[in-house]
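None of the values given here were measured: they were computed from a predicted structure. Chain letters run A, B, ... following the sequence lines, proteins first and then strands; every chain starts at 1.
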Amino acid sequence: MNFLKLVWQNKAGFVGFCGLVFYLLIITVGQWVVDFDDDVKLDQINSPPGSRLILLTRPEDKERYVSLADLEGHSVGVLEKTGGPAFVNNYANADAIKVETYKWRSSRGVPDALEGLAKGEVDALVMFSKLAQRFVLDSENRYFQKDYAHLTISNSKLGPMLLLGADTQGRDMFTHVMNGGRILIITAVTAGLISTLIAFVLGTIAALVGGMLDRALVALANFIIVIPRFPLLVVLAALVTLNNWVLLATLIGLLAWPALMRAVRAQVLSLKERDYVEAAVALDLSQAHIIFREILPNMMSFVAINFVVAITSAMYDQIGLIFLGMAPINDYTWGVMLYFGRSRGTLFNADSAAMLLAPVIAIAFFQVSLVLFSRSLEELFDPRLRSA
Amino acid sequence: MQALPAKSQTQPFSFLEKIWRNYTLRTVIQSIFTVWAVITFIFFLVRLMPGNPIEIYVNYLINSENLTYEQAYNRAASQFQFDPSASWLEQYFGYIGQLLRGNLGESITSTGTKVIDQIMRFLPWTVFCVGLALLLSFVLGMLFGMIAAYYRNSWIDNLISIIAAILGAVPDYIWGLMIIIICGVQLKWFNVGDLRGTFDPSLQPGFTFAFIFSVIQHALLPILTYVMGTVGFWILAMRGSTTSTLGEDYVNIARARGLSQGRIITAYVGRNASLPLFTLLAINIGFVIGGSIIVEELFVYKGLGSFLFWSITQRDYTTMQGILLMITIAVVFSNMLADLLYSRLDPRVRISGDS
Amino acid sequence: MEDNLVLSVQDVSIIYQVARGNVKATNNVSFDLYKGEALALIGESGSGKTTVSLSFIKMLPSAAKVTTGKALYTREGKTVNIFELNEERMRAFRWQDCAMVFQGAQNAFNPVLKIKEQFFDTAKAHGWRKRKEVYDRALELLKLVRLDPERVLESYPHELSGGMKQRTLLALGVLLDPQVVILDEPTTALDILTQRAIIDVLKEMQGRLGFSIIFISHDLALAAEMASQVATMYAGEMVELGTVDEIFYESLHPYTLGLLQSVPRLERGQDELTSIKGNPPDLIDPPSGCKFHPRCDFAEAKCAEKKPEFATYEKEHKVACWFPEKVIEARQGLWEKAS
């Protein structure tokens, strides 16, 4: 409780904290609430956000058939390879409805279905709003069927809305965003843990042991810092085949520790000078006691903050690698969404902006949450900053 | 003045010690040492990694050109600049010898092309872009960081700090993507396709207005992206540094001395507060150059970063090795320059034995 | 006498606005400073000595506010109220008319500028642009503080020792020939020999240049040596003001007496050393009546009820106490025991 109260004091930090809780919910509960949509749906390809399934009827039935419940005991038409069949089949009382499936024959499929409806083969058609718009409503469109223009939409909100639109295969992007963070975040946290652990252990050893070992470790850290990390990572990714996230996290973690290690070393050195540590040394307490009882507790805040920072930089490396196609893309993560967005040319398609913006914003907000949270951690641990 | 420790005269290595005391010389020697270490590291990286590129290349040659192992190996040796009959050590010295002559070997994919020539073609564009972006972001960061520190805990400070934190948190390539999607594709402020490459290919390179304009136009988005990705870091660093400088006695006393606000801000606060930032340049230069791979890919800007990525996708190991080496050397030397500049600005760094 | 009045401080009160309320850092302080005179302000930390001096050059922290009073400054027959100077005139006033040498000169100089640049900076800020003239004046002043002038001017601050920096700061302090020099614990961070040297230099400089000094210290011995007038401050108020002899040998306020007794003296034994009981009062909610009464050995009911006026006891000797006679009595007992 006390912790929450302190976090609340710093508004930006509180936003970051809430953001992290939100992401935590997404990566834990999110996958059960929202299933990953993996069905190719030809009618939804590159759909803009907000589109959904609608119900099309003859004008005289406009009031009669509004929902699937009204159609029990009647017939309804759907197009194959679209979202319609699955939607109707998932209806609780689906057996009561007679379903007519029309073939998807490129541009002929829809007119066939419309004709079926107009002729009374079926009582209603379940189709995607974008198709209805194109074939029935928009007289300027080249697919416009003026013979069937009299057909009316009896329910424009039949199915669930595609919050973020659909991707190049007509799959619901929202489900991808909800499911695409888990592996990314787990990898970033693992990489952050690895690099923080290495940095902490080596930094403490260097500071406490001193001498040649200290010099060697510092020289090593200085050396690794000088090599631009990301290019090295890309080259290494090309030499070692990165086919799972554990390997990726390890590689990122192994290259990210030097800067933090130098900072840890400096911290431990200054802690060593403090009175209580000097007192412990003078009392001849064991090395282990000094590390675990005197130094470690005083380093916790510092390590916690830097752990959070390490996660952000692991995220940078990881998504960068994925974006370039140098890391595993078999899990459909936000990074992979960006990768496909670019490699399949969606980047320059104005209609499918949401498809790229969604992962972009998901990543950006995650990073921002982490950084804001780490800033409030800093204030939390440093009373001097808190009072200011 | 404090006397120098007297031991320097009596020790046998006083000559070496004298060099060590000279900040400039020491920095240069350290940099050269680092470059050597990098060369060694990359040499062994390419030869000892599990997916040894030489072996891969040899296998590739055997399969694709029906060469015997012997032939393929010799061909690989000539392109990777080593004598297959020689020991590791001899190969290593041979490689360094070639490097000293400026020879980075030949490209594997386009036979007969020298890697160094390729690099020299692409390097200037990256140096131009990254250098300008760093300079801009450094200057902007100092400016806004100082403003935030001067008005600390006011709404101006809060606004600047939050924006800086957000800018710094989001990866630069994500900003690049946002610029393309929002400004380019959605709002149509510019045509992304027209801005590909380093300049308009229909123009003849030269000192003409149209050409220079085109160069700047094409570099604008990558530079904006780099600046957005790094300026937050500089703002926060400068804010922290300025805040502690403002608490220093000499700033207070400068006010008591009746100095004008302008003089205090520039020569007393600004100059002292910016000093620690020079030591941070090191990490930042490497970071921006690293980020250039993705950013250049994103904007299809033909610099060293996108060239490195191209060589990686083509499995052109000699080129890859050469570029990685060049990038690292560039970082080492920019660090060295930053260190030397720092020593010019902060008299305390120049060890007393210097004068 | 009136002609020589340099600074007349009348009824100055300063508060600090903090979250818990208003800290009454300085209350109705008045004193006159004459040409060539040295006034020492003594008292515990937090008694308002530094606050009142900072107000003369408008360098109080932003939370502080001067609520009442005037500080009349006279130069060449013209008198101004310092508190009414605008920003630009205040800037010109600083250092040229009133220089303040802060405690701890270790960080007094900009580490990246040579000492001579900092002399030039100061001169230039006050419209003195001839570098040669400034340089010569700096040489002269540095010689006066017994430093090797050329060498110091060409040095960076980190190349000077603490004592050298303090002396350089003194030289810089009088560069523009100010009438008032405020010295805020100028020797605190220095070793005893350096302290000695600084005090000697100060006295010599004052003798030659004739400026007035406000000397802030909790070191009574130094105050006794430097000052002609001494003022004791307690909880933001001036409780006693007199000449050095009056304050040290004929003190009238129990607090002054307490301060004197807490200083070790060669002629007295260790066991005689007593500290003043209790703690400095809370300045947001100060005690009623005489603020010192909770800590005073001589306090009676009256002290808690009514505040004693800061009034003349004899000649120039002023005190704010209901029962100075009790102090005189106690003091005599003390001296007798000592001898």
ask   = How about C:Phe109 and C:Phe119: are their ring centres within less than 6.0 Å of each other?
value = no
Worksheet entry | Donor-acceptor contact below 3.5 Å, side chain C:Glu154 vs main chain C:Arg151 |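 No, the answer is negative, given that no donor and acceptor are paired below the 3.5 Å cut-off.
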Query - Worked check of side-chain contact (heavy atoms from CB on, under 4.5 Å) between C:Ser53 and C:Met100 - result: CA-CA 9 Å; C:Ser53 330; C:Met100 182 155 181; 4.1 Å; yes
Classify the ring geometry between C:Phe56 and C:Phe31 as parallel (under 30°), tilted (30 to 60°) or perpendicular (over 60°).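 Ring orientation of C:Phe56 relative to C:Phe31: perpendicular.
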B:Phe33 vs B:Trp36 aromatic rings, parallel, tilted or perpendicular, using cut-offs 30° and 60°?
tilted
Do [X] and [Y] get their side chains close enough for a donor-acceptor pair, meaning under 3.5 Å?
X: B:Asn272; Y: B:Thr245; answer: no
X: B:Thr126; Y: B:Ser292; answer: no
X: C:Tyr73; Y: C:Asp97; answer: yes
X: B:Arg257; Y: B:Tyr268; answer: yes

Note: vs chain B, highest number of non-hydrogen pairs under 4.5 angstrom among C:Ala125, C:Pro111, C:Pro178 is C:Pro111
In terms of heavy-atom pairs under 4.5 Å with chain B, the winner among C:Asp121, C:Thr122, C:Leu113 is C:Asp121
So for B:Arg263, is it side chain, backbone, both, or neither that comes closer than 4.5 Å to the heavy atoms of chain C?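 Only the side chain of B:Arg263 comes within 4.5 Å of chain C.
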(request) Flag the one option from B:Glu248, B:Arg255, B:Gln261 with the top tally of heavy-atom pairs under 4.5 Å to chain C. (result)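 Ranked by heavy-atom pairs under 4.5 Å with chain C, first place is B:Arg255.
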Could you look at C:Leu172 and say if it's the side chain, the backbone, both or neither that has a heavy atom under 4.5 Å from chain B?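 The side chain, not the backbone.
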Under 4.5 Å to a heavy atom of chain B? For C:Lys114 that would be neither
Within residues 87-96 of chain C, contacts to chain B at heavy-atom distances under 4.5 Å involve C:Arg91, C:Arg94, C:Trp95
